[in-house]
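Atom set for the values below is all heavy atoms of this structure, side chains included, hydrogens, waters and symmetry mates excluded.
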Amino acid sequence: MWILFAFGSALFAGLTAILAKCGIRNTDSNVATALRTGVVLVFSWLMVFMVGAQSEIRDISAKVLIFLILSGLSTGISWLCYYRALQTGPASVIVPIDKLSILVTVAFSYIVFHEKLSLKSGTGLLLIVVGTLALLI
């Protein structure tokens with residue numbers, strides 16, 4: 001089931017880039033990010049209440065809360081950078097560069113979680129990096 005959600009994530013991330021590029025043509029990128037964040041905030045809380053998960057909030061430990069806050073800060077900074085880049089550059093190049101975050105994720109997965117990179121995964125990662133760099137040339 002997780003793979004369906006992963007492909008859904010890719011689909012909606014792609015749509016996000018196109019819709020964002022259309023929406024920020026005549027709007028300050030910081031204002032656009034704030035509006036987007038507000039929509040995500042409302043939608044997220046609606047989902048929490050729709051599935052009845054609000055009671056789990058009190059079970060969140062301080063350590064988990066700190067990591068979630070740090071993750072939220074990283075997301076916010078990422079979105080600010082992303083929207084500023086989209087406002088002034090071509091989406092067809094910005095989006096693949098943004099997806100180089102896979103390199104950061106793989107590196108930190110190795111450092112933090114000691115996850116191993118198989119030859120197949122390493123080859124795929126290399127192809128993603130080379131393909132992204134080819135778009136820049």
Side-chain angles (χ1 to χ4, degrees):
M1 183 60 120
W2 63 267
I3 195 138
L4 293 176
F5 285 111
F7 278 109
S9 175
L11 171 69
F12 288 106
L15 286 173
T16 297
I18 299 304
L19 295 170
K21 182 75 175 174
C22 292
I24 61 173
R25 285 191 177 142
N26 298 316
T27 306
D28 177 76
S29 63
N30 295 318
V31 171
T33 302
L35 288 170
R36 174 187 177 187
T37 303
V39 170
V40 171
L41 176 70
V42 169
F43 182 73
S44 298
W45 281 110
L46 279 173
M47 290 303 299
V48 167
F49 286 102
M50 284 175 57
V51 300
Q54 64 273 14
S55 64
E56 295 182 27
I57 294 170
R58 65 177 158 256
D59 297 332
I60 297 174
S61 70
K63 181 180 177 182
V64 169
L65 187 59
I66 288 169
F67 280 115
L68 292 175
I69 289 169
L70 290 173
S71 174
L73 290 171
S74 292
T75 299
I77 294 167
S78 171
W79 286 0
L80 288 168
C81 292
Y82 183 72
Y83 265 53
R84 181 56 59 103
L86 270 181
Q87 191 168 45
T88 57
S92 60
V93 178
I94 291 162
V95 172
I97 292 171
D98 176 66
K99 298 310 174 201
L100 281 179
S101 62
I102 189 174
L103 216 47
V104 176
T105 303
V106 169
F108 278 102
S109 292
Y110 176 78
I111 294 166
V112 176
F113 304 120
H114 308 290
E115 293 180 3
K116 304 295 182 209
L117 189 63
S118 68
L119 179 61
K120 182 172 79 170
S121 297
T123 302
L125 183 62
L126 179 65
L127 289 171
I128 289 170
V129 172
V130 169
T132 300
L133 295 176
L135 287 169
L136 297 174
I137 298 172

Heavy-atom pair with the smallest gap, counting every atom of [X] and [Y]:
X	Y	value
Leu135	Val93	O-CG2, 4.2 Å
Ser78	Asp98	OG-OD1, 4.4 Å
Val95	Tyr82	CG2-OH, 3.5 Å
Tyr83	Ile24	O-CD1, 3.4 Å
Leu86	Lys21	O-NZ, 2.6 Å
Ala91	Pro96	O-CD, 4.0 Å

Value rounded to 0.5 Å, distance of [atom1] in [X] from [atom2] in [Y]:
X	Y	atom1	atom2	result
Thr16	Leu11	OG1	CG	9.0 Å
Ser61	Phe67	OG	CZ	9.5 Å
Trp45	Leu41	CH2	CG	8.0 Å

Verify, without hydrogens or angle tests, whether [X] (side chain) and [Y] (backbone) share a donor-acceptor contact under 3.5 angstrom.
X	Y	answer
Thr132	Ile128	yes
Ser9	Phe5	no
Ser109	Thr105	yes
Ser121	Leu117	no
Gln87	Thr27	yes

Item to complete: Scan Ile69, Leu70, Val64 and name whichever one has a side-chain contact (heavy atoms from CB on, under 4.5 Å) with Ile66.
Response: Leu70
Fill in: Any side-chain heavy-atom pair of Val31 and Arg36 under 4.5 Å
no
Discussion item. In the structure I gave you, are the side-chain heavy atoms of Val48 and Ser44 within less than 4.5 Å of one another anywhere?
Written reply: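 They are not in contact (no side-chain heavy atoms under 4.5 Å apart), so the answer is no.
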Between [X] and [Y], is there a shared hydrophobic cluster once you connect ILVMFWY residues whose side-chain heavy atoms come closer than 4.5 Å?
X	Y	result
Met47	Val40	no
Phe12	Ile102	no
Leu100	Ile94	no
Leu133	Leu103	yes
Val112	Val104	yes

